Amino acid sequence: MRFSGFRVFKEAVTGHKGWKPLWRTPDPQPEYDIIIVGGGGHGLSTAYHLAAKFGVTRVAVLEKGWLGSGNIGRNTTIIRSNYLLPGNEHFYELSMKLWENLEQETNFNSMVSQRGIINLIHTDGQRDAYRRRGNAMMLAGAGAQLLSRDEVREMVPFLNFDNARFPIKGGLMQTRAGTARHDGVVWGYARGADMRGVDIIQNCEVTGFRIENGKVLGVETSRGYIGAKKVGVAVAGSSSRVMAQAGMRLPMESHVLQAFVSEGLKPTIPGVITFGAGHFYISQSDKGGLVFGGDLDGYNSYAQRGNLPVIEDVAEGGMALMPMIGRARLLRMWGGIMDMTMDGSPIIDKTDIDGLYFNGGWCYGGFKATPASGFCFAHLLAKDEPHEVTRQMRLDRFARGYLLDENGRGAQPNLH
Amino acid sequence: MTRLSGGLIDRDRKLSFTFDGQVYYGHAGDTLASALLANDVRLVGRSFKYHRPRGIFSAGSEEPNALVELRSGARQEPNTRATVAELFDGLEARSQNRMGPLNRDLLAVNDLMSPFFAAGFYYKTFMWPRAFWEKLYEPAIRKAAGLGSLSMQADPDHYDKGFLHCDLLVIGGGAAGLAAALTAARAGAQVVLADEDSRLGGRLLAETLQLDDAPATEWIAALEAEFASLPNLRVMRRTTVFGVYDHGVYGAVERVADHLTTPGAGVRQTLWRITAKRAVLAAGATERHIPFANNDRPGIMLAGALRAYANRWAVCPARRVAIFTNNDDGHRTARDLIAKGVEVAGVIDSRKGVHPQGSYPLFDGAVVSDSRGRLGLTRIEITRDGDSQWIDCGALGVAGGWNPNVHLTAHHRGRPIWDPEALAFVPGADGPAGLIAAGAAAGRGELAAALADGATRAAQALADLGLAARLPDLPRAEASPAGQAAFWHVPGKKRAWVDMQNDVTVKDIVLAHKENMRPVEHLKRWTTLGMATDQGKTANVSALAVMAELTGQSIPATGTTIFRPPYTPVALSVLGGGDTGRHFRPHRLTPTHHWAEARGAVFTEVGQWMRAQYFPQAGETHWRQSVDREVLAVRVGVGLCDVTTLGKVDVQGADAAAFLDRLYANTISTLKVGRVRYGLMLREDGFAYDDGTVARMAEDHFVVTTTTANAGLVYRQMEFARQCLWPDLDVQLISTTDAWAQIAVAGPQSRALLERVVDTADLSNAGFPFMACAELSICNGLRARLFRISFSGELAYEVAVPARYGHALMQRLMELGEDLGATPYGTEALGVLRIEKGHAAGNELNGHSTAAMLGLGRMVSAKKDAIGALMSRREGLAADRRRLVGLVPETRSGKVTAGAHLFTDGAEQTMETDQGWITSAAYSPHVGSMIGLGFLENGDAREGEILIAANPLEGESQRLRVVSPHFVDPEGGRLRV
Amino acid sequence: MLIPHPLLGPRDAQEFTYLGDAMMIDRPDGLAEGAEAAFCDYVFQRDNPAGLHRELWFHEQGDRSWLVVTRNTVTHEILGAELARDVALARRATDTPADQGDAQ
């Protein structure tokens, strides 16, 4: 069924009798060409792209809970391609281009909204670093603008310009950045994959890999054994746990990142604003909630919840940056589990086990990568060679010393 | 104004307030909601999506409908629940989320269009043409969405933070909570009792139930008197425990002054972090409703709320009311209303065969199937056995049973479990450690049971802590049976609201089911059920029941939703309002700060420090004039700069040298006493980390410095190395960054100046050569450390004195150096001087650089095992051929811009052809043009080459020549004179 | 969170900074044969368990002790804390990997 304004109109006047399930609820088949472990954004995007772009449709997505129950359901929905290093920037720019066509491609309104992002500048040294980054973005075709203090003030006059501990000296802006409706991304890809024949199987937890002679044969699940020629794992937040079932250790720690939403408010904040000096970033959803966050709690955790010190720290950052949000109320807070890698960048690669592929390590930035991650992982799974924009996102880059360390913080995940 | 008899309001205190500009009066003890009802105001708001007229639905913090903008100006508070806003004199409130007046909201047209706005409709349309989303659809949606609005002004009030520690935290001051607090406090435990209401009693305040044959308020009063005499019990009214965190930490907000016209000089709210060994959750229960067609009109409310308004606030929204119930509790509402003189037009009970419990018409085995009344209820339709009749009534109380307030038990992601007896979710066994639910929150809401349960749970919590508690004699409670039946909604063709605020109807749930959005989290997200400001407190269980009916599964098999903090919304200002504006983070001031301030210095933030950036003099109109003057003063005379902010660590012990050999990439142990060496630290992953000087004051005593930015991190790393990696070495560390004031004395005249302050030492080039250090005395006996080190490339020293003498030393140096041209210089000149000399700083030591890139590759000793040494030789690091170079414009007037990327002349400019970038740039008075440092591919072999510095970000491109990074005195002769 | 400091009693976790897995105590010998592989493992690879985790915390706003804290990464329950220096010294004496010691 094709979605359109006309279809909505027709169903409205005929009592909504014609709507169909957005996806089927199939039972697992004994074997697939490719099994994707993880029914989150990246797993579903991978399945969608396998079917839509690479013609591989004997595919199953196995999700232990409900679709989108991992980090794609628990993030702050920012999309951007404002990276410094070539090994990252080309990838995120590809993702941005895919975002820009997502809805027309999947026929599902994921509310991709390019309202822009401003990274605030507070020191001369930071301006130098942002100019370098902005120029890298320009070279990659992503676009960027270096804003003066006055230009920032014109766009977001409600920031604290006159009594700030960290005075605002300007900003780096990417106008093509913005937000997308996270659940809409899950559902758009799930529906698109299902329409093309992919089996999406919820409440099906992978409990082990069947590996013989260094080759993966299939997966053990809570619904029995399922065979596969290839298995792609996309379970960010649980990567270490799942890959341990295949005997692998990964260069990452799991950390909790909290996120927050306020009660609904009339339009207040136009785009995305990040305040690095105060560990705070914010946007406003279409429904009116201020969506914001800050730093990791900082310790290894699988608990999907955080503690008060970071909550207070984030709120202090918000109050310092925009004291007019004080009378808004925090409605909900939650925590997501981040695969924090040792250089702060992701991994899309084959493993040493034949037929087993890995996608993870997205740190706190996996949402914006969803389209390209799925596309490139599908490319790797279908063609057995990495897409050119993920050539540096390899597992062996750590040992070989070709790191993708955007912030230059070294091998300590909670500093990235 | 229509008031009933009795109630807990103070009729002698009349308060005036306004709603949408109209002046009304209420009494002390009223909430905004009760005062509005007393003034016959029923329409108070509009729903989120359809802009349906909405009235007051509840009498507590679960309120979905009656949201208002409270107060005005900078104190405007959007989305304030009228049901918990205490009335104060002069209160201003406005209805929100409307276009035009409340009773003629233009957006009510949405209601007519509602067939088009079914669950998830926006995911299916607004996609064509692509550009219209940002330009047309989304702005329209954003404008229509949202509820109240912010004033966009800074919050003018003050906020505080507090910390409490106790044996037992009792959350909720109703029957169970009071019994718990009494039990624990009498046992001598440290107890905190917190309740969100302005007075203790909880649901007892809304009931006529008697304790020991007397009104419950008498028992409460006696208890409060006893509480006041117990120093180990702290009663916190107007305090909401909003979240449970690890290890017994509870977050709570005390609304100190929200019931006052303004907080004056006091705080408005306080954020409490309560660390409790145990906690009793006595948060009571929330009533649920029964969806039926058009069940959202003003005048239709929870039956328990109707009862609360009558009993506590002496108001009723109408003279003639009806009750729709599936349980005995609804009949109690009818009885209480009749006792207050309200006419009960009928009790409609879904159960067959029940008997009236008072003199009112009973419709048993019947349902309310529809309602009328454009801006407020006028009639309801009663259907029994297929026959329908309309009756007139101005209010309808709906009693669908009670849901235990299990929220806090789910904050650690524990799941409530279904109790088939209570027909409700009750706390599961996997709640936060140390938190025990009691009373109605545990599904034991009958009054006698709640009292006993509160006492028992408190005693049990204390027993865990090894404290014995005796159960108190509890009052005899009047029976309050529930008699609940499973009846969840009235089927029908019209819209029946489940989630009032977000306009989610039974039809939306049916549609979600049809579209396979069946897992409860999908249901919520597809329909927005439970996502409103009330987080579905009155809606979620009913919605689950509807979905269960559709799937043919039981309610618990259909799912449950877990609750996230906060329990009720919390103002951002109280979470983060303690330290705002300039006080957001601490400022660290250098020892010469006040001296520099007096001289008119301009300051800049360097991490936490405030440092003098430059010292403008009379007649200088541009910062460059000041900086150029300061730079030249160092090059020709003598300059003074406070460098206290550099990290300083004292390293002592027999193995101090061996320890430093492992920390620094270069060898330290060969350093002679009285000498200084430049030291380079790597991270364990092989990249350059930090640099500084290592001075050997004695065989077993070193003083090392770090960069300002990394002072804390390097010290942490050094302690890690000492305690964790090499605990067997005899070495002690202490950070002395704040203990010593350190002043750089730089320039050809620096020796002449220092000779005037040192007491006896020989500062001649032979006596105190380049890279010498000594402990000595200055200014007639002041202990000092002197280092002959240079960041500028000139003859230079750094002199350190105990921090309290820093200011005096700077003054003395300036006085004594007047004839030598002594000039204070700031960080800006410091930056120019180091760029001229080609020294790396933060822009070069950015965490991406290898020692080789910095031109320091040969410092990394292969003969010893130091942190990062081995990993610095990995393939990827060794293959990095970028090197630090100097850059000058091809023409003298040209610009050099840090952050520009470098390209080979004539080459295409892409990320792949990128040859490097400019790290630092400045105008050099010495060179007479702008200069820069940068990292360049094979930079050490490209001297003289013309490059293109591309800055497309600002539309600039410059031609630069590659030169040595040492613009000043590359041979280093000046350092050694 | 509260960390039971072996010398100072329970202290708010806010006084500490976190480093990571206590295996970082076991730094390989940089001059040994095949040290590069051992270092790559040491610097980058982590067990990252869901469950008990022995981990390093630095009492930065306190007595500057490094602690080895045994904590459950799923529930955040803390089972014990030791001075990292004691763990490191014991490790040298017995060759027990630092991430497998007994919780106190």
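Since this is a predicted model, take the numbers as computed values, not measurements. In what follows, chains are A, B, ... by sequence order, proteins preceding strands, each numbered from 1.
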Given heavy-atom pairs under 4.5 angstrom as the criterion, report whether the side chain, backbone, both or neither of [X] touches chain A.
{"X": "Q269(B)", "result": "neither"}
{"X": "N97(B)", "result": "both"}
{"X": "T580(B)", "result": "side chain"}
{"X": "M517(B)", "result": "side chain"}

Would you say D579(B)'s side chain and E316(A)'s backbone share a donor-acceptor pair under 3.5 angstrom?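 Between the backbone of E316(A) and the side chain of D579(B) there is no qualifying donor-acceptor contact (under 3.5 Å).
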
Flag, side chain of N109(A) to backbone of Y122(B), donor-acceptor distance under 3.5 Å: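 Yes; judged by distance alone, with no hydrogens or angles, the pair exists.
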
Please output the residues of residues 142-149 of chain B in contact with chain A, using a heavy-atom cutoff of under 4.5 Å, in numerical order.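 Residues of residues 142-149 of chain B touching chain A at under 4.5 Å: R142(B), K143(B), A144(B), A145(B), G146(B), L147(B), G148(B), S149(B).
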
Side chains of [X] and [Y], heavy atoms from C-beta outward: is any pair under 4.5 Å?
{"X": "L575(B)", "Y": "M333(A)", "value": "no"}
{"X": "K514(B)", "Y": "P21(A)", "value": "no"}
{"X": "N516(B)", "Y": "W23(A)", "value": "yes"}

For chain B, which of R165(A), M324(A), R131(A) has the most heavy-atom pairs under 4.5 Å?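 Ranked by contacts with chain B, first place is R165(A).
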
Is it the case that the side chains of S920(B) and D128(A) hold a donor-acceptor pair, with the cut-off being a distance below 3.5 Å and no angle test?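 No, S920(B) and D128(A) have no side-chain donor paired with an acceptor closer than 3.5 Å.
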
Does this structure show an ion pair linking E138(B) with R115(A), if we count only N-O contacts that are shorter than 4.0 Å?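 So E138(B) pairs with R115(A) through a salt bridge.
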
Please confirm whether the ring centroid of Y123(B) lies under 6.0 Å from the ring centroid of F3(A).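 Centroid distance Y123(B)-F3(A): not below 6.0 Å, so no.
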
Quick check for you: to the nearest 0.5 Å, what is the distance between H848(B) atom NE2 and D405(A) atom CG?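 Reported value, rounded in 0.5 Å steps: 5.0 Å.
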
